[in-house]
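The chains referred to below are lettered A, B, ... by the order of the sequence lines, with proteins before strands, and numbering in each begins at 1.
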Amino acid sequence: MLEIKALHASINGIEILKGLNLTVKPGEVHAIMGPNGAGKSTLASVLAGKEDYEITSGEIVFVGKDLLELSVEERAREGVFLAFQYPVEIPGVSNVNFLKTAMNEIREHRGLPALSAKEFLSLVKEKSALVELDASLASRAVNEGFSGGEKKRNEIFQMAMLEPKLAVLDETDSGLDIDALRIVAQGVNTLKTSDNATLVITHYQRLLDYIVPDYVHVLFDGKIVKTGGKELALELEEKGYDWIKS
Amino acid sequence: MRLRRIFFRVVMAGYTENELAEDLNQQEYRYGFVTDIASDVAPAGLDEQVIRWISEKKKEPQWLLEFRLKAFEVWKSMQEPEWAHVAYQKPDFQAISYYAAPKQSKKYESWDDVDPEMKETMSKLGISLEEQQRLTGVAVDFVMDSVSVGTSFKAKLAELGIVFCSFSEAVQEHPDLVKKYLGTVVPMTDNFYAALNSAVFSDGSFCYIPKGVRCPMELSTYFRINAGGTGQFERTLVVADESSYVSYLEGCTAPQRDENQLHAAVVELVALDQAEIKYSTVQNWYPGDNEGKGGVFNFVTKRGMCETQAKISWTQVETGSAVTWKYPSCVLKGDGSIGEFYSVAVTNNFQQADTGTKMIHLGKNTKSTIISKGISAGKSQNSYRGLVQIHAQAENARNFSQCDSLLMGSECGAHTFPYIECKNAGAQIEHEATTSKIGEDQLFYCQQRGISEEKAISLIVNGYCKEVLNQLPMEFAVEAQKLLSISLEGSVG
Ligand SMILES: Nc1ncnc2c1ncn2[C@@H]1O[C@H](COP(=O)(O)OP(=O)(O)OP(=O)(O)O)[C@@H](O)[C@H]1O
Ligand SMILES: [Mg+2]
């Protein structure tokens with residue numbers, strides 16, 4: 001589904017990703033851990049196509065397509081979803097209007113007819129229940145005045161609505177209370193199928209108790225320096241990153 | 001209730017996001033066509049003769065001719081104002097034709113009698129005659145080049161004693177009302193353009209709501225500038241008698257032309273005791289091309305007079321014209337009267353807008369609210385100019401102003417000129433202002449969800465304008481949203 005080969009990316013002339021390799025198959029959950037500033041969010045932004053980053057070499061193939069050739073919105077329509085570490089606020093634009101616009105653009109791209117208002121609203125109801133998102137939040141302006149946790153939950157709600165092939169969750173667990181963490185994880189698990197894949201960026205092994213990864217990678221200094229199973233996360237929690245760095 | 005508007009070819013009922021996408025693909029000014037109807041055009045130039053000619057053409061009573069001639073004398077002694085934050089080639093007032101009537105000797109009995117060419121124009125504007133007739137709840141007074149070609153629903157309104165007709169017709173049929181109120185809110189001496197309008201106004205709309213009557217439908221008038229080289233001088237007078245209510249909509253489009261066209265309208269609103277007038281405008285006159293060539297000069301004087309506990313609210317969405325100079329104002333004369341101003345002004349390419357409001361507090365316990373949202377893109381200049389004046393006798397007056405500017409790109413400008421004159425220490429005045437740029441992060445967020453850049457801008461802009469758009473009647477608001485998107489096409493990246 002996703003194949004990243006020897007990826008080098010820089011911002012303002014500073015190289016951040018320095019030869020990153022990663023292969024994700026359908027149905028898999030990969031966790032990416034690593035110290036602050038290692039390049040985890042950079043990887044997420046590069047996958048989503050943020051223009052600030054310059055790809056100096058390497059390639060990314062996503063479901064058979066050269067991802068680097070596609071614009072931000074084309075990637076999204078092809079099924080790349082990024083749950084942001086810091087979701088932005090869009091004053092005056094209701095969450096539902098925002099999502100309806102997004103959904104219909106994606107559907108159009110896939111040759112599907114636009115959803116009727118009724119279909120859309122029943123979907124909103126179903127998916128907001130999944131992440132136990134307060135109904136009033138769906139009609140409020142996108143993230144405006146949301147608490148940190150509500151913003152994260154809203155990201156997962158959007159993910160549930162848009163049903164991406166590849167979801168990248170950038171520290172979705174930080175700022176969540178224990179209950180919210182469980183609910184968000186439950187949402188992610190419910191949405192998991194044999195056709196989609198999830199990339200979970202996190203600092204805490206706690207999340208991985210709920211979302212059980214097939215692989216755990218350690219990203220350090222722009223490269224994946226170690227890959228293991230679920231137990232690697234436990235080991236990291238115990239020992240920190242120093243033993244890997246050296 | 002469903003309205004169909006002439007600004008959009010798309011009928012609102014079946015409005016989908018796809019249609020919005022189609023609109024977004026349409027880059028050219030879509031109403032840029034000239035209808036070829038032989039006009040009865042006044043020779044270019046302005047002197048007493050021309051004024052007499054116009055007045056005679058319109059079979060006006062002597063008092064009105066005298067009003068015009070007096071205004072002409074006043075105008076000759078005035079200078080074109082220089083204080084606005086706009087720069088343009090001053091119109092040559094002697095090169096303009098002051099009157100153009102479609103050459104139709106008889107009045108239309110029904111829409112079927114209308115010139116096919118004119119029907120074509122209207123269908124280009126998205127309003128078929130059949131549809132018009134089927135419209136329920138909307139009375140449209142369609143003004144094409146100065147002379148009103150049709151007024152519908154008059155009978156229904158007449159039952160309630162409501163008068164809604166072209167200005168010329170009102171002069172003939174309700175001369176007492178016209179004479180009583182004309183020039184009482186905007187005196188001919190008010191400013192250069194108002195004086196010019198008073199001398200040469202061609203036609204416009206007149207509306208009278210009798211005591212205690214709530215007008216059951218939105219009254220709407222559409223102005224278009226059509227004949228080449230003609231200025232347009234509309235005159236609108238709305239009188240809401242005691243305890244009455246009316247919501248009045250005005251929309252405009254002008255065909256694409258190379259030379260600048262002058263538009264100098266005067267709108268006077270009179271809200272008597274406890275009356276309420278809601279006046280909404282969507283203006284998308286030709287703004288000129290993306291090199292700054294052509295476009296309409298829009299110099300408009302709009303003012304309302306509020307008597308005791310009366311309320312006037314102005315809502316405007318301004319996306320058109322090359323140069324806009326416009327300050328819908330409220331004179332809060334009566335105790336407890338309320339004035340409101342909600343405005344969105346968009347400028348793109350080389351457009352210049354200097355717009356805002358004046359709230360003149362004379363009465364006790366008067367209240368005013370100003371919400372202004374400026375959006376500038378391209379190389380345009382967008383200025384808010386507002387005056388809040390609290391007179392000494394205006395005990396306990398209150399004002400709240402909020403002026404926001406949104407910039408798109410780095411070559412445009414936004415300016416805010418708030419003036420506050422307060423002569424009563426008990427007044428409460430609040431002013432808030434913000435300037436922001438469309439955030440890269442917001443755009444990226446939208447695009448990451450599959451939304452195209454153009455549509456993302458439209459979403460963000462509409463969100464930004466929401467407080468104002470919410471003031472518009474529903475269907476009008478949907479169109480205004482689309483209009484905003486069209487005006488800002490291609491302004492990022
Ligand atoms: N605009 C920029 N200019 C220069 N350096 C930048 C810029 N943006 C990011 N960086 C640097 O890139 C590096 C990687 O940042 P990134 O956000 O990807 O880290 P991260 O692994 O997500 O960290 P965290 O765990 O704190 O979220 C950091 O050293 C950061 O300072
Ligand atoms: Mg990060």
- request: Step through the shown structure and confirm whether more than 12 heavy atoms of other residues, nucleotides or ligands are within 6.0 Å of NZ on K165(A).
  value: yes

- prompt: Side chain, backbone, both or neither: which part of F98(A) has a non-hydrogen atom closer than 4.5 Å to chain B?
  reply: both

message: Can you confirm whether R398(B) is buried at CZ, in the sense that more than 12 heavy atoms of other residues, nucleotides or ligands lie under 6.0 Å from that atom?
response: no

query: I460(B) and V93(A): side-chain contact (heavy atoms from CB on, under 4.5 Å), yes or no, with the steps?
result: CA-CA 7 Å; I460(B) 295 166; V93(A) 179; 5.5 Å; no

- request: Check whether Y464(B) gets within reach of chain A through its side chain, its backbone, both or neither, counting any heavy atom under 4.5 Å.
  value: backbone

- prompt: Would one find more than 12 heavy atoms of other residues, nucleotides or ligands at under 6.0 Å from atom CD of E15(A)?
  reply: yes

- prompt: Side chain, backbone, both or neither: which part of I90(A) has a heavy atom under 4.5 Å from chain B?
  reply: both

field: A76(A) to Q448(B) - nearest heavy-atom pair and separation
entry: CB-O, 3.0 Å

- request: Heavy atoms only, distances under 4.5 angstrom: which of V142(A), V88(A), D52(A), I106(A) has the most pairs with chain B? Name it, please.
  value: V88(A)

- line: Heavy-atom closest pair (A48(A) atom, F444(B) atom, distance to 0.1 Å) is CB-CZ, 3.7 Å

- request: Please indicate whether K367(B) has more than 12 foreign heavy atoms, meaning atoms of other residues, nucleotides or ligands, lying under 6.0 Å from its NZ.
  value: no

message: Over 60° means perpendicular and under 30° means parallel, so tell me whether F84(A) and Y445(B) are parallel, tilted or perpendicular.
response: tilted

Nearest-0.5 Å distance, OG1 of residue T101(A) to CG of residue L459(B): 4.5 Å

field: Any donor-acceptor pair under 3.5 Å from Q442(B) side chain to E89(A) backbone
entry: yes

- request: Verify, without hydrogens or angle tests, whether Q447(B) (side chain) and E74(A) (backbone) share a donor-acceptor contact under 3.5 angstrom.
  value: no

statement: Rounded to the nearest 0.5 angstrom, the CG-CD distance for L443(B) and E73(A) is 10.0 Å

message: With a 3.5 Å distance limit and no angle check, can you tell me whether R449(B) reaches the backbone of L82(A) through a side-chain donor-acceptor pair?
response: yes

- request: Identify the two heavy atoms, one from R77(A) and one from I451(B), that lie closest to each other, and give their separation to 0.1 Å.
  value: NH2-C, 4.1 Å

- prompt: Tell me, side chain or backbone of C446(B) under 4.5 Å from chain A's heavy atoms, or both, or neither?
  reply: both

task: Check each atom of P164(A) against the heavy atoms of chain B and say whether the ones under 4.5 Å are side chain, backbone, both or neither.
output: neither

